[in-house]
Amino acid sequence: MSRPPETRPVVTRFAPSPTGYLHIGGGRTALFNWLYARGRGGTFLLRIEDTDRERSTPEATAAILRGLTWLGLDWDGEVVSQFARKDRHAEVAHQMLARGTAYKCFSTQEEIAAFRAEAEARGTYALFQSPWRDADPATFPDAPYVIRMKAPRSGETVIHDTVQGRVVIQNSTLDDMICLRSDATPTYMLAVVVDDHDMGVTHVIRGDDHLNNAARQQMIYDAMGWEIPVWAHIPLIHGPDGKKLSKRHGATGVEEYQAMGYPAAGMRNYLTRLGWAHGDAEIFTSAEAMQMFDLSGIGRAPARLDFKKLENTCGHHIAMADNAALLHEIEGFLVAAKRPALSPAQKQLLAQALYCVKDRAKTFPELLEKAHFALISRPVVADEVSGKSLDTVSRGILKSLTPRLQNVRWTKDALEPILNDVAADYGIGFGKLAAPLRAALAGRSATPSVYDMMLVIGQNETIARLEDAAA
RNA sequence: GGCCCGUUCGUCUAUCGGUUAGGACAUCUGGUUUUCAACCAGGCAAGAGGGGUUCGACUCCCCUACGGGCUGCCA
């Protein structure tokens, strides 16, 4: 009855409701839609589901856009506001009325609440069945009404879900959902179908909390004679303890991850692998992910967030990142983390130091800590651990070292014999010499190679720091 | 309560009726080392439970347990 989806250009969409920040689970949903569309030369659309005026805020929309932008998920065309399309939704509701697939219901919310309370009192649960479903229009009162879907009361609705398989829902378990509220605004159930249809969405990839909704939505597609999209309901993300991810697990907002210093490429990689797999592929770029990503690789069970693996993945991406891009992203991190920005001089030094710190860090705070030596200016203040290696003896060693550093070519090859000689003179291993050098140069015990640090900060600065420490 | 979905090492997962059930992260041991990170070698570690179907089930079916979702004039 419908053309094979493969022959149509793919159109996916991410449709968050603007009631807060971009949730990490929403971010992954967006990512899957983005990967699927981008990997097939398709279109990825963004629609804000803001028909609930009570809860929707422009701030939330802005936060969601920021989150997506940071994650690097670019959408095609303008952001669609669902609320702006309310007249179209109402139009479709009335078309359903005209087709006889929907009806006007004059039951008040009080009546419905009373009906439910009564059922509950009897210890049962019953779907509300509107008395207006087959009422004679001649009996219609002059009162506000909602437009309800005239849902089939028997039979079954079958969802062919790419991820969940064939899901059968008995129509008797579904009620006549409201499509148009009494104030003529659409409900989610109607709006989502109308918009997806009008926007030409071919694949609906969303959280499996919508799986049941798909049955009701399919009824609307049928009622309007529209082609049903390919459904793909993906499992939600859980916290490390296997429970639904909530605030008590820590970070749930995408922007919080930016503030914690995870690179966007690493986040994308990690999130892609969370609930999706392609053989043994673990570390990959987004371009590679686009090539590999498919709906059949999505798992059916909820996945737990694992920060250790996130960090490991991010470490790989920091190491393989382009230096200029990395520097730019670090500056963005500083802003997000509300940390002081880099001065032009610091930026310059950090750029030069990147080669020796980027493969030692899993997050930006860690990278910055490793690059501490390049970001500070004299006098270097040693932290507690490294300070211990600056005792009287090692100060003497540093003092004897500085003169030998005066007239040398500032390369590792030239420096190496000098430091080795000093160590030999004092009958100590290089490790014993490196510790005070680290303290003097960086004030830290965990740093890049002492040679790299010397090379990055230069001859004058090196000698000055060593003299400071020896004094 | 009703309906729907799920359940492989601690975690993410591969397997799509026949494998010593593979990989990655984490962890442990040894090696390397200039601290950290990394790297090399190796170890530990899994099909929720119970019934079927089948020559043969992680894989198909049913039940139970556990987890999740939906059940709104929320999305």
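Because the structure is predicted, anything quoted here is derived from the model rather than measured. First the proteins, then the strands, lettered A, B, ... as listed; each starts at 1. Only this structure's heavy atoms are used, side chains among them; waters, hydrogens and symmetry mates stay out.
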If you find the nucleotide of RNA chain B closest to A:K308 and the one closest to A:G123, which residue's nucleotide is nearer the 5' end? A:G123

Mark yes or no for a side-chain to base donor-acceptor pair under 3.5 Å between A:K370 and B:A37, with no hydrogen or angle criteria applied. no

Expressed in angstrom and rounded to an integer, what is the separation of A:D452 atom CG from B:A37 atom P? 17 Å

When we call it a touch if two heavy atoms are under 4.0 Å apart, what does A:Y270 touch: a base, just sugar-phosphate, or nothing? nothing

Under 4.0 angstrom, heavy atoms only, what part of the nucleic acid is A:R304 near: base, sugar-phosphate, or nothing? sugar-phosphate

If I pick the C1' atom on B:C60 and the same atom on B:G42, what distance separates them, to the nearest angstrom? 39 Å

Nearest-Å distance once atom C1' is located in both B:U32 and B:A37: 14 Å

Side chain of A:S449, heavy atoms from C-beta onward: which of B:C5, B:U34, B:U13 has the nearest atom to it? B:U34

Indicate the ring-plane relationship of A:F284 and A:W276, choosing parallel, tilted or perpendicular according to the 30° and 60° boundaries. perpendicular

Applying the Watson-Crick and G-U wobble criteria at under 3.5 Å, what pairs with B:G47? Answer none if nothing qualifies. none

Could you check how far CD1 of A:I298 sits from P of B:U15, rounded to whole Å? 14 Å

Distance-only donor-acceptor pairs under 3.5 Å for side chains of residues 23-35 of chain A, two or more places apart:
{"from": "A:H23", "atom 1": "ND1", "to": "A:G25", "atom 2": "N", "distance (Å)": "2.8"}
{"from": "A:R28", "atom 1": "NH1", "to": "A:L274", "atom 2": "O", "distance (Å)": "2.5"}
{"from": "A:R28", "atom 1": "NH2", "to": "A:P235", "atom 2": "O", "distance (Å)": "2.4"}
{"from": "A:T29", "atom 1": "OG1", "to": "A:G25", "atom 2": "O", "distance (Å)": "3.1"}
{"from": "A:N33", "atom 1": "ND2", "to": "A:R13", "atom 2": "O", "distance (Å)": "3.4"}
{"from": "A:N33", "atom 1": "ND2", "to": "A:T29", "atom 2": "O", "distance (Å)": "2.9"}
{"from": "A:N33", "atom 1": "ND2", "to": "A:I205", "atom 2": "O", "distance (Å)": "2.9"}
{"from": "A:W34", "atom 1": "NE1", "to": "A:D74", "atom 2": "OD1", "distance (Å)": "2.7"}

What's the gap between B:A14 and B:C5 when it is taken at their C1' atoms, as a whole Å value? 22 Å

Donor-acceptor contact present, side-chain A:S394 to main-chain A:S389, <3.5 Å: yes

Just wondering, do A:V254 and A:L71 contact through their side chains at under 4.5 Å, heavy atoms? yes

Gap between atoms CD and P, on A:E282 and B:G23 respectively (whole Å): 12 Å

From CZ of A:R300 over to P of B:C16, roughly how many Å is that when rounded to an integer? 13 Å

Searching all strands shown, indicate the nucleotide that pairs with B:G1 (Watson-Crick or G-U wobble; both distances under 3.5 Å). B:U71

Would you mind reading off the distance between A:I283 atom CD1 and B:A38 atom C1', rounded to a whole angstrom? 14 Å

Any side-chain N or O of A:K362 under 4.0 Å from OP1/OP2 of B:A38? yes

Are A:H203 and A:Y36 an aromatic pair by the rule of ring centers under 6.0 Å? yes

Taking C-beta and beyond as the side chain, do A:F106 and A:P144 meet within less than 4.5 Å on heavy atoms? no

Using the C1' atom as the reference point in each nucleotide, state the distance between B:C58 and B:G50 in Å, no decimals. 16 Å

Rounding to an integer number of angstrom, what distance separates B:G22 and B:C74 when you compare their C1' atoms? 45 Å

Contacts of A:A277 and A:A361 projected onto RNA chain B by closest heavy atom; the upstream (5') one is A:A277

Length of the CG-P vector between A:L419 and B:U34, whole Å: 13 Å

Is B:A57 paired to anything, Watson-Crick or G-U wobble with both distances less than 3.5 Å, and if yes, which nucleotide? none

Both distances below 3.5 Å, Watson-Crick or wobble geometry, any strand: find the nucleotide opposite B:U32. none

Are A:D391 and A:K388 ion-paired here, with the side-chain N under 4.0 Å from a carboxylate O? no

Please table the atom pairs, donor to acceptor, closer than 3.5 Å between any side-chain atom in residues 416-436 of chain A and protein atoms at least two apart or in another chain.
{"from": "A:N420", "atom 1": "ND2", "to": "A:E416", "atom 2": "O", "distance (Å)": "3.3"}
{"from": "A:D425", "atom 1": "OD2", "to": "A:R404", "atom 2": "NH1", "distance (Å)": "3.3"}
{"from": "A:D425", "atom 1": "OD2", "to": "A:R404", "atom 2": "NH2", "distance (Å)": "2.6"}
{"from": "A:Y426", "atom 1": "OH", "to": "A:S400", "atom 2": "OG", "distance (Å)": "3.1"}

Under 4.0 Å between any heavy atoms, over every strand shown, what does A:G429 touch: base, sugar-phosphate, or nothing? Just pick one. nothing

Watson-Crick or G-U wobble mate for B:A26, both contacts under 3.5 Å: none

Mind checking if A:P448 touches a base, just sugar-phosphate, or nothing, with heavy atoms under 4.0 Å? base

How many whole angstroms separate atom CD of A:Q170 from atom P of B:C5? 11 Å

For A:Y262 and B:C25, what is the distance between atoms OH and C1' respectively, to the nearest whole Å? 13 Å

Does the pair A:D176/A:K150 count as a salt bridge with the N-to-O cut at 4.0 Å? no

Taking B:G43 as the reference, what is the distance to B:C3 when you measure between their C1' atoms (whole Å, please)? 47 Å

Sub-6.0 Å ring centroid separation between A:W132 and A:Y103: no

B:G52 to B:U15 separation - P atoms, rounded to the nearest Å: 29 Å

Determine which nucleotide pairs with B:G6, using a 3.5 Å limit on both distances of a Watson-Crick or G-U wobble pair. B:C66

How would nucleotides 70-75 of chain B be written as a contact map, 5' to 3', with B for base contact, S for sugar-phosphate-only contact and - for no contact, using protein heavy atoms under 4.0 Å? SSBBBB

For A:V168, which contact category applies under a 4.0 Å heavy-atom criterion: base, sugar-phosphate, or nothing? sugar-phosphate

Would the base of B:C12 count as contacting A:R273 through its side chain, where contact means a donor and an acceptor less than 3.5 Å apart? yes

Gap in Å between the two C1' atoms, one belonging to B:A21 and one to B:G47, rounded: 8 Å

